[in-house]
Novice: 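My structure is below; once you've seen it, I'll send some questions.
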2 protein chains.
Amino acid sequence: MAVRRTAGPRPPAEDPGISLGVLLFLPYRHLEQRIIDAVVAAGYPITLSQARVFQRIDPAGSRLTTLADAAQVTKQTAGFLVDQLVAQGYVTRVVDPSDARARLVTIAPRGRAAIEVAGRVQDQIEGEWRRHLGADAADELRSTLLRLREITDPWAGPPADGAPVESD
Amino acid sequence: MAVRRTAGPRPPAEDPGISLGVLLFLPYRHLEQRIIDAVVAAGYPITLSQARVFQRIDPAGSRLTTLADAAQVTKQTAGFLVDQLVAQGYVTRVVDPSDARARLVTIAPRGRAAIEVAGRVQDQIEGEWRRHLGADAADELRSTLLRLREITDPWAGPPADGAPVESD
DNA sequence: CACTTTAGTCAGTCTCTCTGACTAATTTGA
DNA sequence: TCAAATTAGTCAGAGAGACTGACTAAAGTG
């Protein structure tokens, strides 16, 4: 966990002692919370845990185990959350034509509608950030974070699982 | 929640469709997990939830309500976690001399020892990041995140506008 | 001194997450 | 070829953590 070493009341914004961990976490939480709030307000109730799995679903469909790895939860937990997403109509499970043991979690129309709302809010927030930081700094932030991902994210991206077929 | 819009198989590392939210979250989680792992391995067992409250404790002591606000949990949850930190010897509760209703959660010697370990691991990880990104990009990342904090952290900025301060 | 606010606790519930054990399909290799 | 090992996913049970609501006690307010 990120560590704070300065004493006394809240340090000013330019405090060099604030940890990178907290600095990464603050905008993340801000973005996440605003998007969830907007999606829920638009009539698509979803919890943080559900959303953290949902956002990892590849548009072409993802296997449960893949989702579990990406979201860093057990497959049981991922299954529990996907069950809820299915019950709420955001996703469907289809058999994987290439492997009868597996099924692909795919995004349903209602899920796509929720993503639409989330995307608009996300664009708006990123626009606010860009206006605050300036276009150059915003571009640099993204490219630096992409490079940071190379050494902090063991998971390289969703595999292509093949053409989905309806199952339940 | 952050949204991903690109379809198809494994996107390349420079995939422009990966959201800033995820890009912020990945290194954060990496840092947090490695620090926790190291602290636990050093003989200071602590959970993620406990650590998220613990790291918000001001060296001069913090009230439960302040901690709850900072960690964005209810005061009941904060109290539950502080009870555990007390039981494990990381913190103590002392009466607040200025208000008999309140008590200050203060860091005990064992808590300071755990912070010591966390600080060393944090420095090491930030060093790895700096070597990977280069010193210029690493400096720029920190300064950009500090500026981003101005508009994403309700507790950042001038302490004049009612920013919460310990022991008010 | 009543009234309101603030700090914190108690009780109960629900969500999330885990471990362990299991079924079924696929892959491996002797 | 087919038994063994691996992989995808489910079922069952338990624990941690987070919430709401109701409460006590101390402080501030007019």
Side-chain angles (χ1 to χ4, degrees), chain A residues 1 29 32-33 36 40 45-54 56-58 61-88 91-106 158-159 161-162 164-165 167-168, chain B residues 1 29 32-33 36 40 45-54 56-58 61-88 91-106 162 164-168:
Chain A
M1 179 62 77
R29 184 180 58 188
E32 175 177 77
Q33 197 58 58
I36 292 270
V40 170
I46 194 166
T47 68
L48 212 52
S49 297
Q50 288 164 10
R52 283 178 176 160
V53 166
F54 182 66
R56 298 298 195 135
I57 300 172
D58 190 283
S62 296
R63 290 190 184 175
L64 192 63
T65 305
T66 304
L67 286 179
D69 288 346
Q72 302 219 325
V73 294
T74 61
K75 56 189 179 177
Q76 292 91 329
T77 297
F80 173 80
L81 295 168
V82 167
D83 283 347
Q84 297 173 342
L85 291 169
V86 169
Q88 291 175 283
V91 305
T92 57
R93 291 188 213 246
V94 302
V95 296
D96 185 333
S98 71
D99 190 334
R101 293 170 303 179
R103 281 182 295 168
L104 295 174
V105 179
T106 62
D161 281 319
V165 170
S167 95
D168 72 341
Chain B
M1 183 55 97
R29 183 180 57 189
E32 175 176 74
Q33 197 58 59
I36 291 270
V40 170
I46 194 167
T47 68
L48 211 54
S49 296
Q50 289 164 6
R52 282 177 178 160
V53 166
F54 182 67
R56 298 298 194 138
I57 299 173
D58 189 284
S62 296
R63 291 189 182 177
L64 192 64
T65 305
T66 305
L67 286 180
D69 288 346
Q72 304 218 323
V73 295
T74 61
K75 55 188 179 178
Q76 292 92 330
T77 297
F80 173 78
L81 294 168
V82 167
D83 283 347
Q84 298 174 342
L85 291 170
V86 169
Q88 292 175 282
V91 305
T92 57
R93 291 190 214 244
V94 302
V95 294
D96 185 335
S98 71
D99 189 335
R101 293 169 303 176
R103 280 180 296 167
L104 294 175
V105 179
T106 62
V165 170
E166 274 81 18
S167 347
D168 45 336

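Atom set for the values below is all heavy atoms of this structure, side chains included, hydrogens, waters and symmetry mates excluded. Within every chain, numbering begins at 1; the chains are lettered A, B, ... in the order of the sequence lines, protein sequences first and strands thereafter.
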Novice: Can you tell me how far P of D/dG28 sits from CG of B/D99, to the nearest Å?
Specialist: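 It works out to 6 Å between those atoms.
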
Novice: Any N or O donor-acceptor pair under 3.5 Å from the base of C/dG20 to the side chain of A/Q76?
Specialist: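 Yes.
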
Novice: Tell me whether the OP1 or OP2 atom of C/dC16 has a side-chain N or O from A/R52 closer than 4.0 Å.
Specialist: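 Checking A/R52 against C/dC16: no side-chain N or O falls below 4.0 Å of OP1 or OP2.
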
Novice: Within this structure, what is the NZ-to-C1' distance between B/K75 and C/dT9, rounded to whole angstrom?
Specialist: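 Checked: the NZ to C1' distance equals 9 Å.
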
Novice: In whole Å, I'd like the distance from the CD atom of A/Q50 to the C1' atom of D/dA18.
Specialist: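 These atoms are roughly 15 Å apart.
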
Novice: How long is the line joining CZ of A/R101 and P of C/dA25, in whole Å?
Specialist: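 Checked: the CZ to P distance equals 10 Å.
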
Novice: In this structure, how many angstroms lie between the P atom of D/dG17 and the CD1 atom of B/I46, rounded?
Specialist: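 Distance check: B/I46 CD1 to D/dG17 P gives 10 Å.
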
Novice: Identify which nucleotide among D/dG17, D/dA8, D/dC19 has an atom closest to any side-chain atom of B/T74, counting heavy atoms from C-beta outward.
Specialist: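 Of the options given, the side chain of B/T74 lies nearest D/dC19.
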
Novice: So which heavy atom on B/A51 is nearest to which on B/I36, and how close?
Specialist: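 Looks like CB-CD1, 3.5 Å.
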
Novice: Considering just the side-chain nitrogens and oxygens of A/T77, establish if one lies under 4.0 Å of OP1 or OP2 belonging to C/dC18.
Specialist: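 It does, given that an N or O in the side chain of A/T77 lies less than 4.0 Å from OP1 or OP2 of C/dC18.
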
Novice: Using atom CG of B/L104 as one end and atom P of C/dT6 as the other, report the distance to the nearest whole Å.
Specialist: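 To the nearest whole Å, that distance equals 18 Å.
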
Novice: Spell out, as yes or no, whether a donor-acceptor pair under 3.5 Å connects the side chain of B/Q50 to the backbone of B/L85.
Specialist: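 No: the side chain of B/Q50 does not pair with the backbone of B/L85.
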
Novice: Is there a side chain to side chain contact (heavy atoms under 4.5 Å, CB included) between A/V53 and A/V82 once you walk through the steps?
Specialist: CA-CA 8 Å; A/V53 166; A/V82 167; 4.1 Å; yes

Novice: Nearest to the side chain of B/A100, heavy atoms from C-beta on, is which of D/dA27, D/dG9, C/dC16?
Specialist: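 The closest nucleotide is D/dA27.
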
Novice: Tell me the interatomic distance from A/D83, atom CG, to D/dA8, atom P, rounded to whole angstroms.
Specialist: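 Taking CG of A/D83 and P of D/dA8, I get 18 Å after rounding.
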
Novice: Side-chain N or O of B/R93 versus OP1/OP2 of C/dA7: is the shortest distance under 4.0 Å?
Specialist: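 No, because none of the side-chain N or O atoms of B/R93 sits under 4.0 Å from OP1 or OP2 of C/dA7.
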
Novice: If you check the B/S49 side chain, which of C/dA7, C/dC16, D/dA18 turns out closest?
Specialist: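 Among the listed nucleotides, the one closest to the side chain of B/S49 is D/dA18.
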
Novice: Is there a side-chain polar atom (N or O) of A/T47 under 4.0 Å from OP1 or OP2 of C/dC16?
Specialist: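 For C/dC16, OP1/OP2 do have a side-chain N/O of A/T47 under 4.0 Å.
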
Novice: From the set C/dA7, D/dA12, D/dG9, return the single nucleotide nearest to any side-chain atom of B/R63.
Specialist: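 Looking only at heavy atoms from C-beta outward on B/R63, the closest nucleotide is C/dA7.
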
Novice: Counting side-chain heavy atoms from C-beta on, which of D/dA18, D/dA27, C/dC16 comes nearest to A/L81?
Specialist: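 Minimum distance to the A/L81 side chain belongs to C/dC16.
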
Novice: Quick one, A/D96 with A/R63, criterion side chain to side chain contact (heavy atoms under 4.5 Å, CB included). Give me CA distance, side-chain angles, the key distance, then yes/no.
Specialist: CA-CA 8 Å; A/D96 185 333; A/R63 290 190 184 175; 2.9 Å; yes

Novice: Please find the pair of heavy atoms, one from B/P45 and one from B/V40, that lie closest to each other, and give the distance.
Specialist: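 That would be CA-CG2, 4.2 Å.
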
Novice: Is the base of D/dG17 touched by the side chain of B/Q84 through a donor-acceptor pair closer than 3.5 angstrom?
Specialist: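 Looking at the base of D/dG17, it does not pair with any donor or acceptor on the side chain of B/Q84 (distance under 3.5 Å).
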
Novice: Atom CZ of B/F80 and atom P of C/dT9: how far apart are they, to the nearest Å?
Specialist: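 So the CZ-P distance, B/F80 to C/dT9, works out to 13 Å.
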
